Amino acid sequence: MKKNIDISPNIETLFGTRDENLHVLEDGLNITIDLRSDSIELEGAARDVARAEQLFSDYEQLQRTGFTFNNGDLNSMLRVLVSDPSVSLRGLAEASKQRSFGGRRMVQPKSLNQRRYLEAIEKHDMVFGIGPAGTGKTYLAVAMAISALLAKRVNRIILARPAVEAGERLGFLPGTLQEKIDPYLRPLYDALYDMLDPERVDRYLEKNVIEIAPIAFMRGRTLNDSFVILDEAQNTTSEQMKMFVTRLGFNSKAVITGDVTQIDLPSARRSGLLEAIDILKKVEGLSFVYFDQADVVRHHLVQRIIQAYDEHKERLGQEQMPLLAESKANGRALAGQVLEQESSRTAPAENRIAE
């Protein structure tokens with residue numbers, strides 16, 4: 001099917017640098033876009049052409065209402081749109097506007113799972129975000145917390161993390177208690193300072209409107225009117241996880257994030273996150289959102305690195321299977337020899353003489 005649609009002069013801002021946004025649409029919708037002097041020709045399946053036509057219409061309407069796209073947001077929206085037929089550009093833009101904070105930035109998902117994650121946080125009081133590094137689990141949770149705080153839906157934000165060393169032994173750190181634990185909590189500070197002006201963050205921290213603390217400090221508290229985030233939850237113990245998920249008070253939300261492939265607990269301890277997945281997966285009112293390497297939004301090399309590690313792990317598993325089978329076979333053979341020797345030693349005396 002071919003269709004020509006008239007365009008306004010400002011539609012060119014949709015195309016992106018070197019028409020990169022048009023390439024996203026062509027690849028994602030499986031259509032061909034041909035630019036004319038005063039129109040655009042779309043060619044492809046009728047349904048796909050209709051979606052592209054609706055997208056151009058939504059973009060023009062958003063422009064007329066004064067909506068502006070920040071750097072990279074439009075490209076992210078288009079990638080989400082082509083992966084999910086149920087969403088529209090206008091719907092994504094309006095949802096982002098509702099999640100904006102401080103006029104400085106909008107909370108914009110960059111993948112389908114990130115969109116599901118944000119919608120789950122809006123709809124549920126407790127959400128688990130589970131997946132590899134770089135998928136935006138913590139960043140988006142902090143952004144949603146700031147959005148809720150500035151919209152006065154909550155009165156404070158509480159960010160918690162287990163203080164677990166990732167491989168190294170740091171020894172006794174100098175300074176006050178806060179100075180000792182700050183290195184473990186630094187990623188949470190980084191997310192805050194990236195989204196709000198430093199002076200505003202410092203003011204919120206000073207007044208305890210935003211509180212950052214190790215998970216051990218949560219014991220015995222009931223957290224009302226709060227947005228609570230537990231980061232690096234894979235490094236919680238079973239007792240710590242149970243303690244945290246039972247802190248939730250009235251008019252509060254909790255988001256628990258973790259990567260089950262990066263557990264730094266001693267080998268004898270089971271991760272509280274893994275246990276919570278088993279125990280809470282059927283509890284009504286909770287939501288579990290799983291990310292994969294396709295959701296990585298860091299440098300493009302990070303996505304390839306995660307894929308390489310996954311392939312290496314799978315390859316090791318395949319190589320070890322024959323070795324395990326051989327080991328079991330050798331074990332059975334050895335056990336048979338031992339039984340045979342035992343039976344010969346315990347045989348009646350006349351049998352041994354006859355032999």
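Residues take their numbers from the sequence shown, with the count starting at 1. Keep in mind that this is a model prediction, so the values were computed, not measured.
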Closer than 3.5 angstrom, by distance alone: can the side chain of [X] be matched with the main-chain N or O of [Y] as a donor-acceptor pair?
X: Gln234; Y: Gln262; result: yes
X: His124; Y: Ala120; result: yes
X: Ser76; Y: Lys110; result: no
X: Lys137; Y: Asp259; result: no
X: Thr135; Y: Ala133; result: no
X: Thr246; Y: Lys242; result: yes
X: Glu211; Y: Ile158; result: no
X: Asn21; Y: Leu14; result: yes
X: Ser271; Y: Leu273; result: yes
X: Ser147; Y: Ala143; result: no

Mind checking whether [X] and [Y] have side chains closer than 4.5 Å, heavy atoms only?
X: Gln63; Y: Thr13; result: yes
X: Ile146; Y: Leu150; result: yes
X: Glu26; Y: Thr32; result: yes
X: Glu43; Y: Asp34; result: no
X: Val255; Y: Leu230; result: no
X: Val228; Y: Ile157; result: no
X: Arg79; Y: Asn75; result: yes
X: Phe288; Y: Ile277; result: yes

Locate the shortest heavy-atom distance separating [X] from [Y]; write the atom from each residue and the value.
X: Arg221; Y: Arg156; result: NH2-NH1, 3.5 Å
X: Ala141; Y: Tyr117; result: CB-OH, 3.7 Å
X: Thr236; Y: Pro162; result: CG2-CG, 4.1 Å
X: Val209; Y: Asn155; result: CG1-O, 3.8 Å
X: Leu92; Y: Arg115; result: CD2-CD, 3.7 Å
X: Ala93; Y: Leu62; result: CB-CD1, 3.8 Å

For a salt bridge (Lys or Arg N to Asp or Glu O under 4.0 Å) check, start with the C-alpha distance between Glu122 and Lys253, then their side-chain angles and the critical distance, and finish with the verdict.
CA-CA 9 Å; Glu122 290 174 340; Lys253 283 184 180 290; over 6 Å; no
Could you see if Leu118 belongs to whatever hydrophobic cluster contains Leu112? Use Ile, Leu, Val, Met, Phe, Trp, Tyr and a side-chain cutoff under 4.5 Å.
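Result: no, two separate clusters.
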Give a yes or no on whether Val283 and Leu274 share a hydrophobic cluster (residues Ile, Leu, Val, Met, Phe, Trp, Tyr; joining criterion: side-chain heavy atoms under 4.5 Å apart).
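Yes, Val283 connects to Leu274 through the hydrophobic network.
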Have Asp202 and Tyr193 got a donor and an acceptor in their side chains that come within less than 3.5 Å?
yes
Can you check side-chain contact (heavy atoms from CB on, under 4.5 Å) on Val82 and Leu25, steps first, answer last?
CA-CA 7 Å; Val82 298; Leu25 294 178; 4.1 Å; yes
Can Glu94 and Arg90 be counted as an ion pair, charged N to O under 4.0 angstrom?
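Here Glu94 pairs with Arg90 in a salt bridge, since their nearest N and O are under 4.0 Å apart.
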Output yes when Asp84 and Arg116 qualify as a salt bridge under the 4.0 Å nitrogen-oxygen rule, no when they do not.
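Salt bridge between Asp84 and Arg116, a charged N being under 4.0 Å from a carboxylate O: no.
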Kindly determine whether Ile215 and Phe244 satisfy side-chain contact (heavy atoms from CB on, under 4.5 Å), including the steps that lead there.
CA-CA 8 Å; Ile215 188 175; Phe244 179 84; 4.0 Å; yes
Atom [atom1] in [X], atom [atom2] in [Y]: separation rounded to 0.5 Å?
X: Glu239; Y: Met241; atom1: CD; atom2: CE; result: 11.5 Å
X: Leu188; Y: Glu232; atom1: CG; atom2: CD; result: 9.0 Å
X: Ile212; Y: Ile229; atom1: CD1; atom2: CD1; result: 9.5 Å
X: Leu140; Y: Asn113; atom1: CG; atom2: CG; result: 11.5 Å
X: Gln54; Y: Gln61; atom1: CD; atom2: CD; result: 8.5 Å
X: Glu53; Y: Asp58; atom1: CD; atom2: CG; result: 11.0 Å

[atom1] of [X]: more than 12 outside heavy atoms within 6.0 angstrom?
X: Tyr309; atom1: OH; result: no
X: Arg219; atom1: CZ; result: no
X: Asn30; atom1: CG; result: no

Begin with the C-alpha distance, continue with both residues' side-chain angles, and end with the deciding distance and a verdict on ring pair (Phe, Tyr, Trp, His ring centres under 6.0 Å) for Phe128 and Tyr290.
CA-CA 8 Å; Phe128 286 78; Tyr290 293 89; 9.4 Å; no
From CA spacing to verdict: salt bridge (Lys or Arg N to Asp or Glu O under 4.0 Å), Glu311, Arg315:
CA-CA 6 Å; Glu311 292 174 354; Arg315 189 164 58 249; 5.3 Å; no
Full working for side-chain contact (heavy atoms from CB on, under 4.5 Å) between Leu248 and Leu223:
CA-CA 5 Å; Leu248 196 65; Leu223 306 173; over 6 Å; no
Candidate pair Tyr139 and Asp190, rule side-chain contact (heavy atoms from CB on, under 4.5 Å), full reasoning
CA-CA 9 Å; Tyr139 190 89; Asp190 292 341; over 6 Å; no
